[in-house]
Enquirer: 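The following block contains the structure, expressed as structure tokens.
Residue numbers begin at 1 in each chain, while the letters A, B, ... track the order of the sequences. Just so it is clear, the values below take in all heavy atoms, side chains as well, and ignore hydrogens, waters and symmetry mates.
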Amino acid sequence: MSRPASIPALQHRAEQLAGLSLSELAHQLGIPVPPHLRRDKGWVGQLLELALGASAGSKPEQDFPELGVELKTIPVDGRGKPLETTFVSVAPLTDIGGLRWEDSNVRNKLSRVLWIPVLGERSLAPGDRIIGQPLLWTPSAQEEQLLRQDWEEIMELISLGQIQDITARHGQVLQLRPKAANNRALTEAVGRHGQPIMTLPRGFYLKTGFTAALLTRHFML
DNA sequence: GATTGATCATTT
DNA sequence: AAATGATCAATC
């Protein structure tokens with residue numbers, strides 16, 4: 001797939017995909033369809049990246065850097081309600097003194113997101129799930145304020161060496177949870193007394209209530 | 001190990 | 001039923 005040259009071109013391409021099942025799209029692209037996602041958790045996201053011409057692979061950048069757009073697929077039920085939280089980015093755990101919201105990975109990734117809802121419960125085979133209407137989103141002032149509050153609160157705890165006390169319950173719209181291959185994956189962080197410790201890598205995730213509201217806001221317009 | 005893509009599976 | 005904590009694959 002070639003890369004879309006503009007945001008309208010990207011939106012148009014995404015709109016053409018709405019209504020297709022994932023197996024239809026996969027067949028067009030010559031991609032095999034897994035029987036379930038247990039061992040292919042990123043399959044849906046990678047399929048849509050391919051279909052829309054996103055930069056492939058594991059680059060630490062937006063999916064469409066020249067357009068300033070991040071692509072995210074989000075599983076939703078029949079009523080358009082998100083079935084999962086949405087991963088945003090890995091949380092920095094060291095050298096975070098002076099890091100400001102304005103310069104954070106979270107803000108930068110979420111500044112402009114092309115959301116592709118994918119309709120289908122967990123029990124529905126991946127190939128039978130249906131691509132929904134895309135939505136290009138930029139946080140409202142209120143949404144950004146909520147994100148900022150949670151981010152600042154969580155980052156303060158990390159900087160204070162209290163990462164081991166942070167649970168997914170912190171934050172109204174943004175939460176910090178493990179983001180790792182397994183429970184043996186460790187990375188460096190700061191302990192309660194300022195000493196280096198090894199801990200599970202963490203990531204920022206958007207809670208489903210937040211993504212549900214943002215989807216609703218747009219589909220009501 | 002860290003980054004990309006996320007969902008699974010158990011607990012609440 | 002929903003949310004939290006744990007995990008899977010590919011790539012560099």
Enquirer: Would you kindly give the NZ-to-P distance between A:Lys72 and B:dG5, to the nearest whole Å?
Expert: 5 Å
Enquirer: Rounding to a whole Å, what distance do you find between A:Arg79:CZ and C:dA1:C1'?
Expert: 11 Å
Enquirer: From CG of A:Leu200 over to P of C:dG5, roughly how many Å is that when rounded to an integer?
Expert: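 Rounded to the whole Å, the gap is 11 Å.
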Enquirer: Without decimals, in angstroms, what is the distance between A:Leu47 CG and C:dA9 C1'?
Expert: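 Taking atom C1' of C:dA9 as the reference, CG of A:Leu47 is at 15 Å.
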Enquirer: Remember a base hit wins even if backbone is also touched, and classify A:Arg177 as base, sugar-phosphate or nothing at under 4.0 Å, heavy atoms.
Expert: base
Enquirer: Mind calculating the distance between CD (A:Glu84) and C1' (B:dG5) to the nearest angstrom?
Expert: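 Whole-Å distance recorded here is 13 Å.
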Enquirer: Given side chains that start at C-beta, do those of A:Glu143 and A:Leu110 come closer than 4.5 Å, heavy atoms only?
Expert: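 Contact flag for A:Glu143/A:Leu110 side chains = no.
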Enquirer: Just checking A:Leu83: base, sugar-phosphate only, or nothing, at a heavy-atom cut-off of under 4.0 Å?
Expert: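 The residue A:Leu83 makes no contact with any strand.
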Enquirer: Does B:dT4 have OP1 or OP2 under 4.0 Å away from a side-chain N or O of A:Lys109?
Expert: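 For B:dT4, OP1/OP2 do have a side-chain N/O of A:Lys109 under 4.0 Å.
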Enquirer: If only side-chain N and O atoms of A:Thr208 are considered, is one of them under 4.0 Å from the OP1 or OP2 phosphate oxygen of C:dA2?
Expert: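 Checking C:dA2 against A:Thr208, no side-chain N or O comes under 4.0 Å of OP1 or OP2.
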Enquirer: Side chains of A:Arg122 and A:Glu84: does their closest heavy-atom pair fall under 4.5 Å?
Expert: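 Yes; the side chains approach each other to less than 4.5 Å.
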Enquirer: Can you check the A:Leu206 CG to C:dA3 P distance for me, whole Å?
Expert: 14 Å
Enquirer: I'd like to know if the side chain of A:His27 reaches the main chain of A:Glu24, judged simply by a donor and an acceptor atom lying under 3.5 Å from each other, with no hydrogens or angles considered.
Expert: no
Enquirer: Holding to ring-ring contact (aromatic ring centres under 6.0 Å, His included), I want the full list of residues that pass it with A:Tyr205, two or more places apart in sequence or in another chain.
Expert: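 Testing A:Tyr205 for ring-ring contact (aromatic ring centres under 6.0 Å, His included), a comparison that skips the adjacent residues, returns A:Phe87.
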Enquirer: Please determine, for the side chain of A:Val90, which listed nucleotide (B:dT7, B:dG5, B:dT3) has the closest atom?
Expert: B:dT3
Enquirer: Rounded to whole angstroms, how far apart are CH2 on A:Trp43 and P on C:dT11?
Expert: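 Rounded to whole Å, this separation is 17 Å.
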Enquirer: With the side chain counted from C-beta on, respond yes when A:Leu52 and A:Phe64 share a heavy-atom pair under 4.5 Å apart, and no when they do not.
Expert: yes
Enquirer: Is there a chain of hydrophobic side chains (I, L, V, M, F, W, Y, each step under 4.5 Å between heavy atoms) that links A:Leu136 to A:Leu10?
Expert: yes
Enquirer: Tell me whether the side-chain N/O atoms of A:Lys207 come closer than 4.0 Å to OP1 or OP2 in C:dT4.
Expert: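 Checking A:Lys207 against C:dT4: at least one side-chain N or O falls below 4.0 Å of OP1 or OP2.
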Enquirer: Are any of A:Asn183's side-chain N or O atoms less than 4.0 Å away from OP1 or OP2 of C:dT7?
Expert: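 So the side-chain polar atoms of A:Asn183 do come within 4.0 Å of the phosphate oxygens OP1 or OP2 of C:dT7, strictly under.
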Enquirer: A:Thr199 and A:Arg202: which non-hydrogen atoms are nearest, and at how many Å?
Expert: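 For A:Thr199 versus A:Arg202, the nearest heavy atoms are OG1-NH2, 2.8 Å.
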Enquirer: Between A:Asp40 and A:Arg122, which is nearer to the 5' end of DNA chain B once each is assigned its nearest nucleotide?
Expert: A:Asp40
Enquirer: Nearest to the side chain of A:Asn182, heavy atoms from C-beta on, is which of B:dT7, C:dT7, B:dT4?
Expert: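 The nucleotide sitting nearest to the side chain is C:dT7.
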Enquirer: May I ask you to say what A:Gly45 touches in the nucleic acid, namely base, sugar-phosphate or nothing, with a heavy-atom cut-off under 4.0 Å?
Expert: sugar-phosphate
Enquirer: Which residues, if any, of residues 145-175 of chain A bring a heavy atom under 4.0 Å of DNA chain B?
Expert: none
Enquirer: Taking 4.0 Å as the cut-off, does a side-chain nitrogen or oxygen of A:Lys41 come that near to OP1 or OP2 on C:dT7?
Expert: no
Enquirer: Counting only side-chain nitrogens and oxygens, does A:Thr85 get under 4.0 Å of the OP1 or OP2 atom of B:dA6?
Expert: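 False: A:Thr85 side-chain N/O out of range (4.0 Å or more) of B:dA6 OP1/OP2.
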Enquirer: Hey, does the side-chain of A:Tyr205 have a donor or acceptor N/O within less than 3.5 Å of a partner on the base of C:dA3?
Expert: no
Enquirer: Quick check: closest heavy atoms across A:Pro35 and A:Pro126, and the distance to 0.1 Å?
Expert: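 That closest heavy-atom pairing would be O-CD, 3.4 Å.
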Enquirer: Do the side-chain N or O atoms of A:Arg39 get closer than 4.0 angstrom to the phosphate oxygens (OP1, OP2) of C:dC8?
Expert: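 It does not, given that no N or O in the side chain of A:Arg39 lies less than 4.0 Å from OP1 or OP2 of C:dC8.
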Enquirer: What integer distance in Å separates A:Phe87:CZ from C:dA9:P?
Expert: 18 Å
Enquirer: With nearest nucleotide decided by heavy atoms, which residue, A:Gly209 or A:Arg184, maps closer to the 5′ end of DNA chain C?
Expert: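 That would be A:Gly209.
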Enquirer: B:dG5 base to A:Lys179 side chain: any donor-acceptor pair below 3.5 Å?
Expert: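 Pair found.
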Enquirer: If only side-chain N and O atoms of A:Thr187 are considered, is one of them under 4.0 Å from the OP1 or OP2 phosphate oxygen of B:dA2?
Expert: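 So the side chain of A:Thr187 is within the cut-off, an N or O lying under 4.0 Å from OP1 or OP2 of B:dA2.
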Enquirer: Say you draw a straight line from CD1 of A:Ile166 to CE of A:Met155; how long is it, rounded to the nearest 0.5 Å?
Expert: 9.0 Å
Enquirer: Counting the atoms with a prime plus P, OP1 and OP2 as sugar-phosphate, which does A:Glu70 contact under 4.0 Å by heavy atoms, base, sugar-phosphate, or nothing?
Expert: sugar-phosphate
Enquirer: Which residue, A:Ser89 or A:Arg129, contacts DNA chain B at a nucleotide closer to its 5' end, judged by nearest heavy atom?
Expert: A:Ser89
